[in-house]
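Remarks on the structure that follows.
A quick note: this is a predicted structure, and the numbers were derived from the prediction, not measured. Just the heavy atoms: all of them, side chains too, but no hydrogens, waters or symmetry mates, feed the values below.
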Amino acid sequence: MGFFESTENGFSTLFSYYYSSLMSSGTDFLLNPVVLRGFSGSLHLVLLFGVFGSWVCQRFKMGNREGPKERNGWSDEELETLLDLALRTLAWGAVCVYLFNLGRPKYPFLLRVFWGLYLFISFYELVIDVVLYRKHVNLPVQYIVSDVVSVVTGLFLCYVGFLGENEGVDAILEEPLLNGNSNASNESESNKSKGGENVTPYSNAGFFSILTFSWLGPLISAGTKKTLDLEDVPQLDPSDSVFVGFPSFRNKIEAECGTISGVTTLKLVKALISMAWKEIILTAIFCMMYTMASYVGPYLIDSFVQYLNGQRNFKNEGYVLVSVFFSAKLVECLTQRHWYFRVQQVGIRTKSVLIAMIYNKGLTLSCQSKQVHTSGEIINFMTVDAERVGDFSWYMHDIWMIFVQIVFALLILYKNLGLASIAAFLATVLVMLANVPLGAVLEKFQDKIMESKDKRMKVTSEILRNMRILKLQGWEMKFLSKIMELRKTEAGWLKNFLYTNAMSSFLFWGAPTFVSVISFGACILMGIPLESGKILSALATFRILQEPIYNLPDTISMMVQTKVSLDRIASFLRLDDLQCDVIERLPRGSSDTAIEIIDGNFSWDLSSSNQTLKDINFKVQHGMRVAVCGTVGSGKSSLLSCMLGEVPKISGTVKLCGTKAYVAQSPWIQSGTIEQNILFGKKMEREKYEWILEVCSLKKDLEILSFGDQTLIGERGINLSGGQKQRVQIARALYQDADIYLFDDPFSAVDAHTGSHLFKECLLGVLSSKTVIYITHQVEFLPAADLILVMKDGRITQAGKYNDILNSGTDFMELVGAHEKALLALDSVEAGSVSESTSMSKEVGNMSSTNGVAKRQENRDVETCKTDDTVETKGQIIQEEEREKGKVGFSVYWKYITMTYRGILVPFILFGQVLFQLLQIGSNYWMAWATPISKDMKPAVSSSTLLIVYVALAIGSSFCVLLRSLLLAVAGYKTATQLFSKMHYCIFRAPMSFFDATPSGRILNRASTDQSAVDLNIQYQVATFAFSLIQLLGIIAVMSQVAWQVFIIFIPVIAICFWYQQYYIPSARELARLVGVCKAPLIQHFSETISGSTTIRSFDEESRFRETNMKLTDTNSRPKFNIAGAMEWLCFRLDMLSSITFVFSLIFLVSIPEGVIDPGIAGLAVIYGLNLNTLQSWVIWNICQMENKIISVERILQYTSIPSEPPLVIEENRPDQSWPSLGEIDIRNLQVRYGPHMPFVLRGLTCTLPGEMKTGIVGRTGSGKSTLIQALFRIVEPAVGQIMIDGINISLIGLHDLRSRLSIIPQDPTMFEGSVRSNLDPLEEYTDKQIWEALDKCQLGDEIRKKDGKLDSTVSESGENWSVGQRQLVCLGRVLLKKSKVLVLDEATASVDTATDTLIQETLSQHFSNCTVITIAHRITSILDSDMVLLLNNGLIEEYDSPARLLENKSSSFSQLVAEYTYRSNSS
């Protein structure tokens, strides 16, 4: 028998080896001894048919023989059987060798004929076996087993040979991954370059490939040879793609609710279920089969113990029992693996369609709805809530499965314990009911965690967007403390959640022991005899019941979390969309009127009595140019928005005929190349494209950039200047070739000449035949308009041509008067002293900047990238997200487990688990030893002693669990808190270059998804690995007590398991990292879409953006899908191997003579062995899962080692409180560059800016103006030279000491969500009286007094509910409060009208008369009253003198700039 078993094992090994060879190729087989021996056996292939024929003849004669003849101790049957098996083995070895060398996916005709013949002969043999068996002829069991295996094998081979022809396609797909030299690999490479266009082999895998997850073999094999990249990961099967799933899901929602806005949580759930109902039913069947198979062991254990005790019901009963045990294990393994894989598939689909739904909603949200949920919160819906609903698929069958398992358990308990099973049932119900209040508490805590996390993410998102202003003002630490306060609240709820979870863990780890104590106690009270077989059956049942009871808290917690997430998503989907009936769209060419508004009343806030726009009436014909002007906050931008359909309409009619293009006041630029931003989804027309670049003055800018128009633009156009961003926006609008153009003051961000050039070339040239509506504060651009609309307090107060309305009202007169007053300073200069053509050529000459001067400070990583071609790829500002490669270092685990109290809690947690395991085994051992095998045997101890010892051991084990759970909660909480603090501190202390090069999506991903994993998952993942390993060692110890021989098979099986784990983990690890890397672009794209939704809608590009989102969603799902499959690929193989160990130990127990071992203890070994396959794969699974999850820690630790800025405070070099007292700035040989290998942007500036005087800095775009300001604030450190303020080298003092003593009004006015007070005084240093004074000085006092909340009036995210001009005035208010000795104005009045600009200049002159004021301005009038003017060109000082002297010299560059400005103003 032993020989036969080993031979059969050899046969199956060779067969599996042969099958694997079908999927691979190469020359390694020549070194394989198995294949070489198979090759030598090929000589016997010709004998194969003869052997079969001979064997069949022998079988026919067998029934007539009186008895077998013996030959030297061997019977004829044994010799024939041995010869048959030997020849089969040799022949199949030869087939293996042949197929290895075949090199083609199609199998030869003769081989397939042989397989058909083999199936026929095998089936014929089996029929003969059955016929002889029915004639009561005793046949050796080997014959039947061998023939059954042969028939199954023959069926498989015929399937592969005749029906599996399409598998050849798989082979071609798989070949390049396995053999780099194949011809197909070149085609594959071209596919990879397109992002892995090869669809997953799962799509057309055969039955056996799907059954054994072999379709994943090529990917896992590739992962062992190289580090997997995204292009190596195949595309999803169409059925798993969001492109297929989302349309049907949306249709179901709309059919159910009418519109998306009517969706409820219940309807959302129904739509999700109807989308995946087939998979749900299939997984339910798998789940049911798994549950039934798992109860076979407990049901038969009593029979097995009685068999070992000598009770034989029929011959070979032991082997039949072993076969049933093994069959049940196979069914359990297959169904569990496919159940797990399919539910993950459902989860991926669910998550994808929810992300698409949330994205689409974000694209249509009304402005008012956006104020309810900020972009940070909406990102959370996508990253956390949709993910959690997807993860719930793991748990969806647990709810009903628990009840099925309880029913099965009670039936088995009733069979063994009789009426005592009722007590077991009641105890189980009691335990489950105890979970209800715990579940409610956990739900509350989970809700609060999510709520506080939303608030934190909202603030984090806003801070990351505005990090530059925080650093310039020296506020970053204050805002960090704001995040820490929010985290403190979140951490409070997290601590409550973790401790409650620990109590729930204690309750449920103790639950099975509690149920068993009650059950056995009831038996003793009822007088039901306890026998070891029945006790072991009950214990095995409790162990299985343990799983659903253990999982119940998780299931309830997950149900709670999922319901919270679904509620949140449904409430978001119910938010109001933009009104679709605001605009009446007329067919293109159907009307002479382009835009008409009749009796229009509009309001951003419908609940407010104060309307935004009132009584709007005007009509614009096709081809007209319409200018809109007015003071700050008069409603100009709102008027454009109502033409776009963005402002809710109260009454009136808006008609629009033709396509439209929109240029926003605050530029919206996407991450991507400059070319992609300009084309904006249109096809490239090279001639048109080049012409538009010329018109928008972008050609010279692109020449400066190392990558030209292929330069990657950072998030929000971070590496472009304000002027460049506006010109890219204008180019984008021009390329669309629309009928109607809406410009929201795009000329304020560019210098005087460029503005004049853009107006002339774009509005008067390219768009001369188009309808153009433009807002402007530059009065010189008004006379060219066919119609001027003058706005005040939300009304059109005047409308007409320039000369017509000039004398008809005061509002327009005020604007023009302020402009003319500003021009009086230029009277000394003749208007036409420099011709336009000269100024144009001068501008082009100055713009050439061939030395690679940065356009603005933010340009650093792009515009000054290395010129060396070999390193050019590194010059792009946005690099591919950094990810660790290879094995997760031990240092990551070590840092994680030793972060709290230097890891001192870890030994106590492990000790608690070891003690728990010992007490559990001890209690079960006690019950098996102390109870009799059968009724007629006397018990070893009395019933009371039996129960008392068992209860004592049970209580001890429960308290060990309590200790372990509480310590784990403490360790997890403290570690998560420390990691959060370290990461955020390092992020906030990072230099500005880090934020320029890192999209906020990457940082937000770590602050939300990865931090969530650290908060709630990773401590359990690491602990579960340790606990499952301890459990496995416990099982091995118990089994080896009974049958140490099990180690003969156990050791090689474990070795193979670890080999599989090592083979699998490189692929799994990289796939897990890819999930993290693929998530950031999805978040990034979503974040950009939310902020640019107005622009996207104005260009009617929603469908393209939705498609991009779906592509990114599928890209994110690809590695997830393959991780799910790879996990099951591994677990399937591990389960098979551990089943072999289990069966071997059973065969050993059945084979040994009766009485050698105690049947009770042998039974105990079997019930532990029933868990062996689960636990063995559970340990390996946990190793892999832990390594996948620990990547979140690795990613957070990456951000705890970001290079930091210089210290905030240097104690030994702190300046006096009064510093700077004079404000004299001495610049000595200042050379600045943005990277160690990049060219200098400032190339040796030396000058002194006198204290208490006003200095204006001018120069063409890209001359280095803003870089000088960056150097002054040490946003970028000087490479050579120094800056002295009042004799102190600013590089030697702390950053906080420097920045807090300087003030700046930046070009991009920034407001934060909160109140007016918190925006003016974030550090809470001033009284309300001082704040009101500052507001009055900056002309905002009256406006804020009108608001209900006064100083507590709400400011929405990024100050969206304030006009850009008002935001600029708030920034002025900040500096008026701060009263620094040195004030920098960087285009501070670009977004306000001339009258307001004059008021601001007067305010500054009055309040900063004894301060050093440095002004960068495009309006020449803003710097004419300066004491000194510094003119920069290409990073060098071209001119530096008083304005009067520079103007005297007609050939000076400054004089020409002034002349050009005057010429433009007068000619208009």
message = To check you understand the geometry: which heavy-atom pair defines the closest contact between Thr900 and Gln978, and what is its length?
response = CA-NE2, 4.1 Å
key: Minimum side-chain heavy-atom gap Gln1282-Ser1291 below 4.5 Å   = no
ask   = Does some side-chain heavy atom of Ser1091 sit less than 4.5 Å from a side-chain heavy atom of Trp668?
value = yes
query = To the nearest 0.5 Å, how far apart are CG in Leu498 and CD1 in Ile449?
reply = 7.0 Å
ask   = Side chains of Phe988 and Met467: does their closest heavy-atom pair fall under 4.5 Å?
value = yes
task = Please determine which of Leu1383, Val1382, Val1375, Leu472 meets the side-chain contact (heavy atoms from CB on, under 4.5 Å) test together with Leu1302.
result = Val1382
ask   = How long is the gap from OG1 on Thr898 to CG on Leu905, to the nearest 0.5 Å?
value = 11.5 Å
message = Which residue is it: Ile1196, Asn1005, Leu1016? I am looking for the one with a side-chain contact (heavy atoms from CB on, under 4.5 Å) to Gln1011.
response = Ile1196
query = Which is it for Tyr499 and Phe445 under the ring-ring contact (aromatic ring centres under 6.0 Å, His included) test, yes or no, and what are the steps along the way?
reply = CA-CA 11 Å; Tyr499 286 164; Phe445 291 155; over 10 Å; no
ask   = In terms of ring plane angle, is the pair Tyr359 and His1085 parallel, tilted or perpendicular, where the classes change at 30° and 60°?
value = parallel
ask   = Which is it for Tyr893 and Glu1194 under the side chain to side chain contact (heavy atoms under 4.5 Å, CB included) test, yes or no, and what are the steps along the way?
value = CA-CA 9 Å; Tyr893 295 97; Glu1194 181 184 61; over 6 Å; no
Ion pair check, Lys471 and Glu476, cut-off under 4.0 Å = yes
Residue pair Phe995 / Pro991: nearest heavy atoms and the distance that separates them = CD1-O, 3.5 Å
ask   = Taking all non-hydrogen atoms of both residues, which atom of Asp385 and which atom of Ser565 are closest, and how far apart?
value = OD1-OG, 2.8 Å
query = Under the side chain to side chain contact (heavy atoms under 4.5 Å, CB included) criterion, do Ile355 and Asn1109 qualify, and how do the steps go?
reply = CA-CA 9 Å; Ile355 285 175; Asn1109 173 65; 4.2 Å; yes
request  = Mind listing the closest non-hydrogen atom pair of Ala1279 and Phe1240 along with its distance?
outcome  = CB-CE2, 3.6 Å
task = Check each of Arg456, Lys495, Lys453 against Glu490 using the salt bridge (Lys or Arg N to Asp or Glu O under 4.0 Å) test, and report the only one that passes.
result = Arg456
inquiry  = I want to check something: taking the side chain as every heavy atom from C-beta on, are Glu485 and Thr489 in contact at a cut-off of under 4.5 Å?
reply    = no
ask   = So how far is it from Lys1079 NZ to Arg1006 CZ, rounded to the nearest 0.5 Å?
value = 12.0 Å
request  = Among residues two or more places apart or on two chains, list those pairs meeting salt bridge (charged side-chain N to carboxylate O under 4.0 Å, His left out) that have a residue in residues 1009-1022.
outcome  = Arg487-Asp1015, Asp1010-Arg1195
request  = With rounding to the nearest 0.5 Å, note down the distance linking CD1 in Ile1288 to CZ in Arg1301.
outcome  = 8.5 Å
key: Ala491 to Tyr973 - nearest heavy-atom pair and separation   = O-CE1, 3.3 Å
ask   = Do the side chains of Lys1378 and Tyr1326 get nearer than 4.5 Å, heavy atoms only?
value = yes
inquiry  = Would Arg568 and Asn380 count as a side chain to side chain contact (heavy atoms under 4.5 Å, CB included) here? Give the steps.
reply    = CA-CA 10 Å; Arg568 282 157 51 84; Asn380 254 6; 4.3 Å; yes
query = Okay, side chain of Arg1299, backbone of Arg1274: is any donor-acceptor separation there less than 3.5 Å?
reply = yes
ask   = Checking Ser452 side chain against Lys448 main chain: does a donor-acceptor pair fall under 3.5 Å?
value = yes
key: Expected output: side-chain Ser481 to main-chain Lys478 donor-acceptor under 3.5 Å   = yes
query = Going by heavy atoms in the side chains, are Leu1197 and Leu979 under 4.5 Å from each other?
reply = yes
request  = For Pro1081 and Leu1112, work out which heavy atoms get closest and say how close.
outcome  = O-CD1, 3.8 Å
key: Arg989 (side chain) donor-acceptor with Pro1206 (main chain) under 3.5 angstrom   = yes
ask   = Under 4.5 Å between any side-chain heavy atoms of Tyr1199 and Arg1002, yes or no?
value = yes
task = Please identify each residue that fulfils salt bridge (Lys or Arg N to Asp or Glu O under 4.0 Å) with Lys1120, with sequence neighbours left out.
result = Glu387
request  = Would you mind reporting whether Glu462 and Asn466 have side-chain heavy atoms less than 4.5 Å apart?
outcome  = yes
inquiry  = Ring centroids only, cut at 6.0 angstrom: are Phe381 and Phe1086 within range, meaning strictly under it?
reply    = no
ask   = Is a side-chain N or O of Gln561 found less than 3.5 angstrom from the main chain of Arg388, in a donor-acceptor match?
value = no
remark   = Rounded to the nearest 0.5 angstrom, the OG1-CZ distance for Thr1113 and Arg1118 is 12.5 Å
query = Side chain of Tyr896, backbone of Gln1019: donor and acceptor closer than 3.5 Å?
reply = yes
inquiry  = Out of the candidates Leu1298, Ile1290, Asn1289, only one should pair with Ile1283 under the side-chain contact (heavy atoms from CB on, under 4.5 Å) rule; please name it.
reply    = Ile1290
task = Could you walk me through whether Arg1374 and Asn1319 pass the side chain to side chain contact (heavy atoms under 4.5 Å, CB included) test, one step at a time?
result = CA-CA 8 Å; Arg1374 285 178 191 149; Asn1319 268 279; 3.4 Å; yes
remark   = Rounded to the nearest 0.5 Å, the CG atom of Leu486 sits from the NZ atom of Lys455 at a distance of 8.0 Å
query = If only atom types and distance count, is the side chain of Trp1219 paired as donor or acceptor with the main-chain N or O of Asp1297 below 3.5 Å?
reply = no
query = Is there a donor-acceptor pair closer than 3.5 Å between any side-chain N or O of Thr500 and the backbone N or O of Asn496?
reply = yes
query = Looking only at atom types and distance, does a side-chain atom of Trp493 sit under 3.5 Å from a main-chain N or O of Met450, one as donor and one as acceptor?
reply = no
